Structures are given as C-alpha cells and as structure tokens.
Amino acid sequence: MDLWTCQHCSHLFNIAFDEKLMDYKGNYENALHFSPKFQTYATNLIQRLVENYQLKGKHIVEIGCGDGQFLKQICQLGNNRGVGFDPSCTPSVDPHQQVVLFNRSFFEVKLEFSIDFICCRHVLEHVSNPITFLTTLHATLKKQSKSCYLYFEVPNADYMLEEQAYFDLIYEHFTYFTTQSLRYLFEKTGFIVQKVTTNFGGQFLGIEVAVPSSKNSQNAPKVTFPKSTSRNDFTNTFHEKIHNCKQQISQLTDAGKNILLWGAGSKGITLLNILQTEAIAQVIDINPRKHHHYVPGTGQKIISPTTLKTYSPDIIIVMNAIYNEEIQQFLTQNEISARIINW
C-alpha cells in the first residue's frame with residue numbers, strides 16, 4: 001500500500017492499488033448483521049430513510065447488496081419492491097418480500113421501471129474510478145421521468161485519522177473518504193447533496209443526494225475546495241503503534257496469558273498479518289458463515305463465541321470498541337472472566 005492524499009479535497013487513496021487482484025465473486029463474506037449492535041444501527045437507519053423519503057410502495061435498488069438483508073428489510077418496512085446487485089451474491093427471487101437479487105453489475109441489467117431510491121453501502125471505497133462510476137450512474141438516472149434519491153455509506157477517513165485506526169487500512173479499499181472529499185465527489189459528478197452525516201459511532205460517513213427528473217432539472221451547487229489538513233501524525237505514529245502492540249503481546253505471553261482475538265473481519269485480518277504472531281491461535285467471530293474457516297495469510301482458526309469457554313481465554317483483543325458492550329455481556333452471561341483490551 002502506498003497511501004497518498006489530495007491537497008485540494010483531503011481525499012486519501014492507495015496509488016499501488018491493482019483492481020485486477022480483486023475478486024468479489026463466490027464466497028466473499030462481509031456481513032455484519034449478526035451483531036445486535038449493528039442490527040440496531042441498520043434498523044434505525046432504514047426507519048429514518050423510509051420516513052424521510054416516503055418510501056412506501058416504491059422501487060428500491062441496492063448496489064452492492066451482499067446477501068440482501070438490508071434491502072429485504074427496507075422493502076418489508078415500506079411494502080416496497082427491491083432489486084439488488086452484487087457479483088458476490090446468490091441470485092434469488094423472493095415473491096413474498098418482492099425482492100430480486102442479481103449477481104451482476106447494476107449497469108449490466110436493464111430495468112423496466114423508474115427507480116425511486118438507491119442505497120449503496122460500503123461499495124464506493126472499493127471502486128477504482130469512483131468519478132466514472134458516479135458520472136455513469138448520474139447519467140442513467142437523469143433520463144428518468146421522475147426524481148431519484150440516493151443514500152451512500154462509506155468508512156470515515158476522518159475517524160481513521162483522528163483515532164489512529166491503523167487497522168482500517170485494507171487493500172480492498174482503494175479510496176478513503178473524508179467528509180470533504182465525499183461531498184466534493186458527488187457535487188463534481190452532478191448530484192444534489194442533501195446532507196452528509198457521521199454514523200455508527202463516527203466510523204461511517206453517510207451521504208444523501210438527489211437526481212432531479214429531466215422535467216425538474218436543477219444545477220448542482222458550486223464545488224468548493226476545502227483547506228487540506230496534515231496527515232503527518234498518522235504516518236509518523238504507525239510504526240510506533242505496531243511496536244507497542246508487539247510489545248504488549250510479548251508481555252502478556254511471558255506472563256502466561258492465553259490471548260484470543262475477537263473479529264475475523266478486515267481489522268482483525270490486517271492486525272494479524274502485520275504482527276505475524278503465534279501468540280494468538282484462535283479468532284472469535286459472531287458470523288456463523290466464518291466458523292471452521294481460517295484467517296487468510298496467518299491461518300488462525302475462526303471459532304464461534306459459543307465454544308469460547310473451552311479455550312479458557314485470559315485476554316480478548318476486540319478489534320472494534322463499539323462492540324465492547326455486547327461482547328462483555330456475552331462473557332458475563334457465560335461466566336467467562338477474560339479481560340477485554342482494544343487496539
């Protein structure tokens with residue numbers, strides 16, 4: 001990875017990124033809805049979108065729908081009809097919930113109806129040319145006879161920088177959006193920005209935009225270039241953070257502590273591959289689709305929380321502190337006295 005920043009809009013991007021190395025088909029797995037904390041967040045978001053945009057009996061499209069959980073929920077709440085697109089999903093038709101999933105790109109399928117609302121969550125950061133993607137999307141929607149509203153969600157680079165969240169850096173993310181660069185991108189590609197919000201404890205950015213119908217055309221607001229901020233602290237302290245992590249593991253191991261890690265997602269995989277430590281033999285994850293598989297690169301076995309007690313952990317490294325409360329509740333209920341630490 002070779003991370004650079006734009007002096008105009010404060011955007012971050014990996015100039016060493018090679019799109020040909022990416023493969024999102026088949027068994028690519030990144031579902032988060034198995035967590036009660038995330039379920040609550042997603043449900044509240046869906047309720048707000050349905051209410052604010054009067055999504056009742058509408059046509060909804062989700063780009064990057066995964067297993068379709070979010071799309072099905074938004075359709076069920078508003079009695080909407082939904083179409084999801086994701087190369088990694090299993091194609092399906094759910095007549096009861098009026099949801100169809102395609103394992104193809106949005107631009108490969110011609111829809112026979114006008115779209116009322118588009119959601120696209122945690123996809124844009126994977127796109128190697130977001131300007132081309134959004135310009136094409138805007139041109140497609142501009143041809144409609146009615147207006148369309150969109151909600152995009154991405155990881156928050158401002159949070160990553162301020163909290164020194166080094167393990168949010170993953171190869172699959174070509175771009176890292178700040179509040180400024182996200183707004184600038186959508187303004188530059190012709191969308192009318194409604195609002196930009198920080199969500200999920202500040203870890204996500206959400207942007208709500210509109211494409212007026214051809215009959216109700218509006219000019220996009222004038223693009224502004226915000227003053228860029230320094231990124232030196234993030235770079236300078238990265239190696240110091242890694243050194244401290246290794247030192248802490250060494251001290252815990254010398255004290256005879258059994259260390260496990262909670263979270264076999266991008267943060268945990270990044271940490272383990274950077275540290276290359278044998279002190280952590282198992283990784284816990286609440287997602288049952290990951291159980292009995294192994295961490296790529298370093299090979300730790302991924303286990304279910306229900307088997308945790310058999311491993312007698314002393315220390316559990318939790319990769320995302322926003323889940324501390326639900327994890328601690330699980331440990332207490334199962335009489336597991338392990339101590340949680342966050343990196």
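All residue numbers refer to positions in the sequence shown, counting from 1. Just so you know, these numbers come straight off a predicted model, no measurement behind them.
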Looking at every heavy atom in both Lys290 and Gly265, which two are closest together, and how far apart are they?
NZ-CA, 3.8 Å
Please report the shortest heavy-atom distance between Leu185 and Pro130, naming the atom on each side.
CD2-CB, 4.0 Å
Tell me every residue that passes side-chain hydrogen bond (donor to acceptor under 3.5 Å, both in side chains) with Arg48, counting only those two or more places apart in sequence or in another chain.
Glu208
Ignoring hydrogens and angles, state whether a donor on the side chain of Asp158 or Thr178 is under 3.5 Å from an acceptor on the partner side chain.
no
Is a side-chain donor or acceptor of His126 paired with a backbone partner of Glu172 at a separation under 3.5 angstrom?
yes
May I ask you to check whether Asp2 and Asn14 show a side-chain donor-acceptor distance below 3.5 Å?
no
Under 6.0 Å between the ring centres of Phe200 and Phe38?
yes
Between Arg289 and Asp67, is there a side-chain N and carboxylate O pair less than 4.0 Å apart?
yes
Aromatic plane relationship, His11 with Phe13 - under 30° parallel, 30 to 60° tilted, over 60° perpendicular:
parallel
Could you walk me through whether Trp262 and Ile327 pass the side chain to side chain contact (heavy atoms under 4.5 Å, CB included) check?
CA-CA 9 Å; Trp262 192 302; Ile327 292 172; 3.7 Å; yes
Whether the side chain of Asn103 engages the backbone of Thr90 through a donor-acceptor N/O pair (distance < 3.5 Å, no angle test) should be reported.
no
Side chains of Thr332 and Gln328: is there a donor and an acceptor less than 3.5 Å apart?
yes
Is the centre of the Tyr53 ring less than 6.0 Å from the centre of the Tyr151 ring?
no
What I want to check is whether the side chains of Thr237 and Tyr166 have a donor and an acceptor closer together than 3.5 Å.
yes
Only pairs under 3.5 Å count here: list side-chain donor-acceptor contacts from residues 300-316, not counting sequence neighbours, and write none if there are none.
from, atom 1, to, atom 2, distance (Å)
Gln300, OE1, Thr298, OG1, 2.5
Gln300, NE2, Ile280, O, 3.1
Ser304, OG, Thr306, N, 3.1
Ser304, OG, Thr306, OG1, 2.8
Thr307, OG1, Ser304, O, 2.8
Lys309, NZ, Asn334, O, 3.4
Thr310, OG1, Thr307, O, 2.6
Asp314, OD2, Asn258, N, 2.8

4.5 Å side-chain heavy-atom contact, Gln98 and Asn79
yes
Aromatic Phe85 / basic Arg104 pairing, under 6.0 angstrom, 45° off normal:
no
In sequence, state the C-alpha distance, the side-chain angles, and the governing distance for Val127 and Thr175, and then conclude on side chain to side chain contact (heavy atoms under 4.5 Å, CB included).
CA-CA 8 Å; Val127 177; Thr175 55; over 6 Å; no
Distance-only side-chain donor-acceptor flag, Ser10 / Ser181, under 3.5 Å:
no
Going by the angle between their ring planes, with limits at 30° and 60°, are Phe174 and Phe17 parallel, tilted or perpendicular?
tilted
